[in-house]
Each structure stands twice: as structure tokens, then as C-alpha cells.
Amino acid sequence: MASLVALLLAHPAQWPAPAILLAVAGRTFLQTGLFILGHDAMHRTLVPGRPGLNDGLGRLALVLYAGLPFGRCRRQHLRHHRSPGSLRDPDFRFASGDGALRWYRRFMGNYLSWKQLAMLLITWITAAALLLQLDPQRAINVVVFWVLPLVLSSFQLFLFGTYLPHRSQGCLPAGSHAVRSLGYSHLLSLLACYHFGYHWEHHAYPAVPWFRLPDLRRRVSLDHGRGNGSRRLGLAR
């Protein structure tokens, strides 16, 4: 919220292009982080043992992200975990011939309704109108630092959290949860999508919060290297 308000009130017309791009990238990363907090709340890992507070913070995170309803998002996401890669999976494409853009449209449609989209448009138009009264040149900030980061964030979540881990490339091994992990380094994995490229680990152990996924991946790799499988990790599913 601090970054959003500060950038809405800024006067970027005098900024160099790299500074504007950096500000948009930073806002996109923070925007994605809001959804990641809401996602962990869906798994009741944001505030473990306190479901009321957990769900309340998750609801706040999703409202700030894009006015998303926590209850509906949680139901859809848990369906995704129960039946990944099937026709019952709300995050998956209907047919193998569906391209990435059609898949993305269906993915967004399962989480963002026309009513929520209308509320977002009203919010953005209201903010732009208020900025017009302050300084006409600042009205464009709503598009650059609010609308654009949200759109980019939705692509980021879809690409690294759904499309790349779940796209079909031949038969997946039994017990794979119909997902694969992206082999990114720790820093690149964080920047890409808060470690949700480590997607097999997340599906196998959904009770592990996002910031522990790299450690989980390392422990799973070490355990598999010993030939013991993942059962020795002692992690709640």
C-alpha cells in the first residue's frame, strides 16, 4: 500500500525510463506477494493453528490484490490440489489443444468474475479522477503503477505457478501429482514467483509455506539421493 500510494502521488514524467521500469517491476513483485500470502492462507499455513486470523489475513490479502473473494478462491484451489491435471481441476485447460492464452483466460475466469472486474474498473477510474484534480499528469500513474503491475502479476502467477509446472509433455510418472518443478536457482526461483516453480514439492507437501519450499526441495533431493524416498522427511501433507 505504501508503494502504491507513493507512486500514485509521484511525478514520473521527469524520471528516466529505467527508473519507471524498475518501479513497475517492484510493484509487480509486491502485487504477486499479496496473492502468495492469500494462497498460503488457503492452505491454513499463514497463521498455523489460528484459522480465524489466518482466513482474515488471507481475505485481506486477496482483496488488496484484486478484490478476490477468499472463500471461492480457497474452494477452487483445493479442488486443484485434489485433482491436478484432470477435468475437475479449475486451473487446468479443458483440452490438450488449448493454447497458453486460452488456458490463461480460463484460469483468470475461475478467480476473477465480471462483478469483481467491474469493481476494479470503478476503483481505478475513481483514483484517476481524484488524481486529475490534483495534477492531470499524475492520472496516468493509475495505469502504469496499479493496473499494469496487476496484469503482469496475473501473467507471472499463471506462467510460473500453473502453465510451466502443469503443461503436458508426455506421460508423467505415477505419484507425480501431474506436476513438475522448475529447476531454477534459489534467487531466480524467488524472483520468478516466490518459489512456486518448485511445484512438485508444493503439491506433495501443501502444508509447507512458500519460504520453506527451497529447503524442502533440497531435503527431498538429498533424501532421494540416499534412495530413501520422501517419506523420511516427516512433513505434514
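Scope of the values below: all heavy atoms of this structure, side chains included, with no hydrogens, waters or symmetry mates. We count residues from 1, following the sequence as given. On a predicted model such as this, the values are computed, not experimentally measured, just so you know.
Between the CZ atom of Phe29 and the CD1 atom of Ile36 there is a distance of 9.0 Å, given to the nearest 0.5 Å. Leu190 CG to Trp210 CH2: the interatomic distance, rounded to the nearest 0.5 Å, is 6.0 Å. Atom CG of Asp55 sits about 12.5 Å away from atom CG of Leu60, to the nearest 0.5 Å. Atom CE of Met108 and atom CH2 of Trp103 lie 15.0 Å apart (nearest 0.5 Å). Within the model, atoms CH2 of Trp114 and CG of Leu117 stand 6.0 Å from one another, a figure rounded to the nearest 0.5 Å.
Remark: aromatic rings of Tyr194 and His39 are distant, center separation not under 6.0 Å.
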(request) Begin from the C-alpha positions of Leu9 and Leu134 and carry the test side chain to side chain contact (heavy atoms under 4.5 Å, CB included) through to its verdict. (result) CA-CA 9 Å; Leu9 297 176; Leu134 179 65; 3.8 Å; yes
(message) Determine whether Leu216 and Tyr205 satisfy the following criterion, side chain to side chain contact (heavy atoms under 4.5 Å, CB included), listing intermediate values before the conclusion.
(response) CA-CA 9 Å; Leu216 171 63; Tyr205 300 96; 3.9 Å; yes
(request) Decide side chain to side chain contact (heavy atoms under 4.5 Å, CB included) for Gln31 and Gln156; before the verdict, give the C-alpha distance in whole Å, the side-chain angles of both, and the deciding distance to 0.1 Å. (result) CA-CA 10 Å; Gln31 191 76 17; Gln156 183 181 12; over 6 Å; no
(request) Start with the C-alpha gap between Glu201 and Val208, add the side-chain angles, then the distance that decides, and say whether side chain to side chain contact (heavy atoms under 4.5 Å, CB included) holds. (result) CA-CA 9 Å; Glu201 290 79 5; Val208 175; over 6 Å; no
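Clustering of Ile, Leu, Val, Met, Phe, Trp and Tyr side chains at separations under 4.5 Å leaves Val63 isolated, with no partner residue.
Between Leu37 and Leu57, every side-chain heavy-atom pair lies at or beyond the 4.5 Å cut-off. Contact annotation: the side chain of His166 approaches that of His199 to within less than 4.5 Å [non-hydrogen atoms, C-beta and beyond]. By the 4.5 Å heavy-atom criterion applied to side chains, Leu164 and Leu159 are counted as neighbours. When side chains are defined from C-beta on, Trp124 counts as touching Leu150, because their heavy atoms get closer than 4.5 Å. In this structure, Leu7 and Arg27 have side chains that are in contact, with non-hydrogen atoms separated by less than 4.5 Å. At least one side-chain heavy atom of Leu78 sits less than 4.5 Å from a side-chain heavy atom of Arg74. By the 4.5 Å heavy-atom criterion applied to side chains, Leu157 and Thr162 are not counted as neighbours. At a threshold of 4.5 Å between non-hydrogen side-chain atoms, the residues Thr32 and Cys193 count as touching.
Considering every non-hydrogen atom in both Tyr184 and Ser189, the closest pair reads CB-N, 3.9 Å. In plain terms, the two heavy atoms of Gly38 and Ala61 that are nearest each other are N-CB, 4.0 Å. Of all heavy-atom pairs spanning Asn141 and Pro12, the tightest one is OD1-CG, 3.3 Å. Contact between Leu68 and Cys73 at its shortest, heavy atoms only, is CB-SG, 3.9 Å. The minimum heavy-atom distance between Phe35 and Leu62, with the atom names listed, is CD1-CD2, 3.8 Å. Minimum interatomic distance between Leu148 and Val144 (heavy atoms only, all atoms of both residues): CB-O, 3.6 Å.
Checking side-chain atoms of Asn54 against main-chain N and O of Leu46 turns up a donor-acceptor pair under 3.5 Å. No side-chain donor-acceptor contact under 3.5 Å links Arg217 to the backbone of Trp200. The backbone N or O of Leu8 sits nowhere less than 3.5 Å from a side-chain atom of Arg138 that would complete a donor-acceptor pair. Arg44 places no side-chain N or O within donor-acceptor distance of the main-chain N or O of Pro51, the cut-off being under 3.5 Å.
Phe211 and Leu182 fall within the same hydrophobic cluster, where Ile, Leu, Val, Met, Phe, Trp and Tyr residues are linked whenever their side-chain heavy atoms come under 4.5 Å apart, directly or through other members. Side-chain heavy atoms closer than 4.5 Å link hydrophobic residues (I, L, V, M, F, W, Y) into clusters, and following such links, even through other members, never connects Val24 to Met1. Leu188 and Leu22 fall into different hydrophobic clusters, where Ile, Leu, Val, Met, Phe, Trp and Tyr are joined by side-chain heavy atoms under 4.5 Å apart, directly or via other members. Linking ILVMFWY residues whenever their side-chain heavy atoms come closer than 4.5 Å, directly or via other members, places Phe145 and Ile140 in the same cluster. No continuous path of ILVMFWY side-chain contacts below 4.5 Å connects Ile20 to Trp146, so the two sit in separate hydrophobic clusters.
Listed by chain and residue number, Arg72, Arg79, Pro90, Asn110, Tyr111 satisfy the side-chain contact (heavy atoms from CB on, under 4.5 Å) test with Gln76 (two or more places apart in sequence, or in another chain).
Residue Phe155 forms a ring-ring contact (aromatic ring centres under 6.0 Å, His included) with just one option from Phe107, Phe160, Tyr104, Tyr163, and that option is Tyr104.
Checked by atom type, the side-chain pair His195/His202 shows no donor-acceptor distance below 3.5 Å.
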